[in-house]
Amino acid sequence: MAVMTLIDALRQGMDEEMARDPRVFITGEDVGPRGGVFRATQGLHEKYGSARVVDSPLAELSIVAIGIGAALADLRPICEIQFADFIHPAFNQIVNEAAKFYYRSNGTWRVPMVIRTPYGGGISGGLYHSQSIEAFFTHVPGLKVVVPSTPKDAKGLLKSAVRDPNPVLFLEPKKGYRAIKGEVPDGEYTVPIGPARTAREGRDVSVFAYGMMAHYATMAAEKLARDGGIDAEVIDLRTLLPLDKTAILASVKKTGKALIVYEDNRTMGYGAEVAAVLADEGFELLDAPIRRLTGLDVPAVPFSHPMQEHFMPNPEKIAAAIRELAEY
Amino acid sequence: MAVMTLIDALRQGMDEEMARDPRVFITGEDVGPRGGVFRATQGLHEKYGSARVVDSPLAELSIVAIGIGAALADLRPICEIQFADFIHPAFNQIVNEAAKFYYRSNGTWRVPMVIRTPYGGGISGGLYHSQSIEAFFTHVPGLKVVVPSTPKDAKGLLKSAVRDPNPVLFLEPKKGYRAIKGEVPDGEYTVPIGPARTAREGRDVSVFAYGMMAHYATMAAEKLARDGGIDAEVIDLRTLLPLDKTAILASVKKTGKALIVYEDNRTMGYGAEVAAVLADEGFELLDAPIRRLTGLDVPAVPFSHPMQEHFMPNPEKIAAAIRELAEY
Amino acid sequence: MTLNRTAGSSAQLGEAALLEMYTTMLLSRRLDERAWALHRQGKIAFHISGMGHEAAQVGAAFALNRGVDYVHPYYRDLALVLAIGVTPMDFMFSLFGKKGELSSGARQMPSHFGAKHLNIISGSSPVATQVPQAAGLAFAIKYRQQSGLVDPNDATQPRLAFTCLGEGSTSQGEWHEGMNWAGVHKLPFICMVQNNLYAISVKMDSQMGVANVADRASAYGVHGVWVDGNDIFAVYDVMREAVDRAYNGGGATLVEAKTYRPVPHSSDDDDRSYRTREEVEEWKKKDPLIRMQTTLLNEGILTKDLINEYENRARADVDHAQQAAENAPYPEALDVLGAVYAPAEEV
Amino acid sequence: MTLNRTAGSSAQLGEAALLEMYTTMLLSRRLDERAWALHRQGKIAFHISGMGHEAAQVGAAFALNRGVDYVHPYYRDLALVLAIGVTPMDFMFSLFGKKGELSSGARQMPSHFGAKHLNIISGSSPVATQVPQAAGLAFAIKYRQQSGLVDPNDATQPRLAFTCLGEGSTSQGEWHEGMNWAGVHKLPFICMVQNNLYAISVKMDSQMGVANVADRASAYGVHGVWVDGNDIFAVYDVMREAVDRAYNGGGATLVEAKTYRPVPHSSDDDDRSYRTREEVEEWKKKDPLIRMQTTLLNEGILTKDLINEYENRARADVDHAQQAAENAPYPEALDVLGAVYAPAEEV
Ligand SMILES: Cc1ncc(C[n+]2csc(CCOP(=O)(O)OP(=O)(O)O)c2C)c(N)n1
Ligand SMILES: Cc1ncc(C[n+]2csc(CCOP(=O)(O)OP(=O)(O)O)c2C)c(N)n1
Ligand SMILES: [Mg+2]
Ligand SMILES: [Mg+2]
């Protein structure tokens, strides 16, 4: 097993899929010789050439639409949106088109494509380089939405996404691109889209998180365990659409208490759905209110450091929220 | 008090606001001589002329962006999106721009505009003339989202929206345009953006709904009351962003039971937030699981009648859900 | 008013092709008229018409490798898809929303064409979304050819992508971005704008500041040409050139077919609020079906007898399709739940 | 290489104006250089540069009614906004993200300009969104004039809207739709594309199939013109024409200023992966600041002494602004919560 960063694992996943299947190609802004602004595609242009690693015009809706057309023609596009904040021009193509093609053609026209994009705050990116966008797209049946938080999952889920016959929105926690390192199995493997991952087992409180927040939650839980007294379980949801209901209900059955952590704005953020599922199907399992620890309900993450930090959840805030719930 | 349809009340509201303030203008597809495809602006072009009732190019993002620019220049645009299903091309302008202008300029540049659009299913409109879109936009701080369900509220809320210094997304339940009739006060009045409305008082179960579903919920509650035994309270949320938490908590304090009804897809639909708020702040008030009665988790409402009807909530399904909850 | 068929590729069209073009237009017209009638009778909920556009559509279709080249149509393209192989039955099933309807299993409103076996892409309602997707189809064609996955001259493989929309819909950013890709990558792509002067009620001069949609091609490095869309041979001629360009690596073409919609926008519309009856009557004189008929009569290819025979056959086809659709069952309620996600495939 | 100032409106520019244009370019350049230095020193997190674009921006600014006409800039427009009244202090505060920063209270990244009192609209990061908004500002100007809310000749009121973006950003649908409104309504609108040949790493020929962005004007019924963007007088001349057109009801103009970015896209970029050092050096010879300096020296308007004096003043201004910004406090954490919704106003 090699230890590598999240972004190296992603690159390796794309590389292997391109080597495996000549129908796989990459398009997006600066993905070519520049290797992407985060270097996710570095070296791939050199290796696979301009025909398969295609610098797109600066135009997100067509990056996605070209991907849709190519997928309809049975290619396997990987479309990169440079920052999640810039996916909004492509909203119509994703929501009205990619997600609805299979349904609207009664299962005849498929759109096997991957849309990769870095998301999330805490990187001094201000209002337009920090956004979380999962809330918008997890409301769209026909799409799958995936958020890896470890290098192993990043690579394995990406490979599954490329092979999936449906459009998959693949959200990459950019703050973790280089900050998150971990073991990646040697050789071929995939991680299935669907099941959540238990990042840490525990008995007192269930913490549901994904992306960078799954890491922070694990850090918080470890700290509380070291400090003694509180044994929190951390579930890394990994696939947000479809949601792994079985996993969240099983965890709450054990702990009776649920904290949901996400860095997006609170209102109508993804955790609302997790809470709603638990408040319905898990009602009799609950011993305490369902808490959400989230980004603030302001339009986006501000640039200047004190405001940014106040916006973002972090391990300390998560630990405090777990403790409060444990003591309920 | 005159009895009128929802759409007549809306038109009267626009007419009065245009007469009151020369900065108010309307733009959108076919809003001019054609009077809008639903006739919401009928007669206004004749009355106020081409300079103030402006047929736009067939291009939603610019309908909204022109509105934003005009609002920055202190006009008061009312932008019509012909069907909510076609608002997606304008997503970037609404989410990244209109909603964030005031915040990003630290409170110096305001965007006082209204975006009106008909939404909702049950009208044989198929996948692209039936959509509900509130889930996407209630996740966007900086926006206000309003859904009237009575002619009185439609007119009064629309007038408040025109006078609001913020961007207001004004969702009109199109199935009710002519089907819903009601009394509208004579003379000048407004209905404030923010507070929910108690459509029916009751003691057993709280039903939270909006738009056409508020009507259906009221019909269901009345039927159950007539049939004897179950006394449901119906709260018409009216303003979805910001959510009137006080009203929903007060109702559940009384009933201990909550049913949330929306015609949108279930997962990450607006009711998820209502449920999440109740499961946190109202946990100790609850005597039963929080139920959601919703549209199905498929990409959109199908055209053909049997499938459409199976997709949509209706008074019978709501009554059954209330009864089930009452008996819990 | 007859048509000119002395120059261009249309001069080469044989009698069989000419008669097939004529009968396709005729069938489309009669189906379309029946749909309006069914709507007036309250038997169907909605109709949106291709009437008046038949020459543009059939002229274009016959220039393509039908059923092989990718076609991404719009809601007026009834005659186009009939020319490619969609049947009156398919159309009637969509009008009535009946079980087994070809394009979508009756999930979509009528005239949202689509047929996998004919390489007709399933359409949606939001206008112009098909344009950048069609550029993507064309991109895929070039990709396969360049990477040796197919032979560029293999006529069993799609060699271009063809898409249509109305002139008003070129106001959309979607259109711009699709055209731009077609220009940058010199794609085997043809976009035909069916310019009927109105976007529902909005006149062309409120949609754009130029006189011809074809003028917009110069912003993209795409060949642009406009043509009398009611002259089926003129359309065929420019389309043949565009097809040859696409097949031979010459890049993309924007074809503007100037035509008119002699009926309201759809069964929900009332066009009296935005145009005069005189204008409509004036255009009806240029009816493309009558113009083709006159030309073929003049050329001796059509006769009065043949016309009657074709009329009878068209009526019989329409009657039969209507009957079958009326008698067919609706989808099951639970059909709403199917085909949300494609199942995993074998790799 | 000197500049041509014998024809056009620029021939009328007086000494004071010329020197102000020069000192504005100079100040912008020195501020910009300092920002790069601060980034190298690890004192600031991010810088995106206007270097090389100063002639285009200052030439444009001086053709406007500065502080009155609406300006909706993009992230490279440092020299433009300085010419309108944004100060070095304002810019330094944005680099350091300090409390009270003019455009956004340090909510936005640096170079997201905005100044309500100068009619500079607050910018965002997603490219091209400002274009249709600027068309909306122009629409409002026309609306007010036509409805008698203001006098069309009142020079205390904005009489046009001016916006900028890069050539790559014209690939966006947003740009298309904004230009389209400007053409349809003949709006008092000027869009200046600062064409520096690259969109980050992507060359112009991967962005569009045409040789000049100005060629795209013909798709909109908008006047289009390209100009050497490193020639401040040439820019001023075409901008004066565009301004006169806008003020006098002649409609919109697309100005393409051809220039170059001699530095990486931003402090996050490394341009060695996508262009040669030779190319960069070649372009540095056309540096717009040096070209203007040489011309003014030749014309006897500048002297060596004056140049030194201006250099000293610019350095002092930059030093002072930097010091003030470094010493200023950060915003409070709770400032994150303010100004989400505008409060109700008196009607
Ligand atoms: C994005 C979007 N906005 C609005 C509509 C509603 N609509 C349907 S057709 C139409 C007019 C289209 O005009 P044009 O493009 O000229 O085509 P035509 O119908 O005249 O053939 C409009 C506004 C839509 N379908 N999609
Ligand atoms: C919608 C959107 N997509 C992507 C980006 C990331 N991005 C910022 S600047 C830029 C390149 C802009 O190139 P160009 O328009 O030529 O302007 P230049 O920077 O060269 O002046 C890109 C891709 C963005 N800001 N907005
Ligand atoms: Mg039209
Ligand atoms: Mg550039």
Side-chain angles (χ1 to χ4, degrees), chain A residues 60-61 85-96 99-104 126-128 131 135-143 241-243 258 260 264-265 267-284 286 288-292 296-300 302, chain B residues 60-61 85-96 99-104 126-128 131 135-143 241-243 258 260 264-265 267-284 286 288-292 296-300 302:
Chain A
E60 286 75 10
L61 92 78
D85 316 60
F86 305 140
I87 204 168
H88 303 324
F91 195 75
N92 192 36
Q93 284 288 341
I94 300 172
V95 171
N96 265 339
K100 294 188 173 56
F101 245 105
Y102 194 67
Y103 192 75
R104 83 183 187 212
L127 276 64
Y128 297 103
Q131 292 177 27
F136 298 124
F137 295 101
T138 45
H139 182 56
V140 183
L143 272 189
L241 188 66
L243 169 62
I260 309 155
D264 196 2
N265 312 320
T267 297
M268 280 297 281
Y270 182 71
E273 180 64 27
V274 178
V277 167
L278 288 173
D280 181 351
E281 300 174 43
F283 181 71
E284 306 199 339
L286 287 165
I290 301 171
R291 298 284 194 229
R292 290 183 286 169
L296 301 176
D297 269 338
V298 302
Chain B
E60 287 75 11
L61 92 78
D85 316 60
F86 306 141
I87 204 168
H88 303 324
F91 194 75
N92 192 36
Q93 284 288 340
I94 299 172
V95 171
N96 266 339
K100 294 188 174 53
F101 245 106
Y102 193 67
Y103 192 74
R104 83 184 188 210
L127 275 64
Y128 297 103
Q131 292 177 28
F136 299 124
F137 295 101
T138 45
H139 182 55
V140 183
L143 273 187
L241 187 67
L243 169 62
I260 310 156
D264 195 2
N265 312 321
T267 297
M268 279 296 282
Y270 182 70
E273 180 63 28
V274 178
V277 167
L278 289 172
D280 182 352
E281 301 174 42
F283 182 71
E284 306 201 336
L286 286 165
I290 301 170
R291 298 286 194 227
R292 290 183 288 169
L296 301 177
D297 269 339
V298 301

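Below, read A as the first sequence line, B as the second, and so on, with proteins coming before strands; counting in each chain starts at 1.
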Legend entry - Heavy-atom pairs under 4.5 Å with chain B, option from A:Ala276, A:Pro299, A:Pro302 with the top count: A:Pro299
Inset, instruction - With a 4.5 angstrom heavy-atom cut-off, could you sort out which part of B:Val277 is near chain A: side chain, backbone, both or neither? - result: both
Legend entry - Close side-chain approach of A:Phe136 to A:Ile87, heavy-atom, < 4.5 Å: no
Inset, instruction - Counting only heavy atoms closer than 4.5 Å, note whether B:Val298 contacts chain A via side chain, backbone, both or neither. - result: both
Inset, instruction - With a 4.5 Å cut-off on heavy-atom pairs, point out which of A:Arg292, A:His88, A:Met268 contacts chain B the most. - result: A:Met268
Legend entry - Choice from B:Asp297, B:Asn265, B:Leu61 maximising heavy atom contacts with chain A below 4.5 Å: B:Asn265
Inset, instruction - Tell me, for B:Glu284 versus chain A, whether the close heavy atoms (under 4.5 Å) come from the side chain, the backbone, both or neither. - result: side chain
Legend entry - Test item: side-chain donor near acceptor, B:Asn96 and A:Gln131, under 3.5 Å: yes
Legend entry - Top contributor to chain B interface from A:Leu143, A:Ile260, A:Asp264 [non-hydrogen pairs under 4.5 Å]: A:Asp264
Legend entry - Contacting region of B:Ala135 [heavy-atom separation from chain A under 4.5 Å]: both
Legend entry - Top contributor to chain A interface from B:Pro89, B:Ala275, B:Gly142 [non-hydrogen pairs under 4.5 Å]: B:Pro89
Inset, instruction - Measure B:Phe86 against the heavy atoms of chain A and call it side chain, backbone, both or neither at under 4.5 Å. - result: neither
Legend entry - Proximal component of B:Leu241, with respect to chain A [non-hydrogen, under 4.5 Å]: side chain
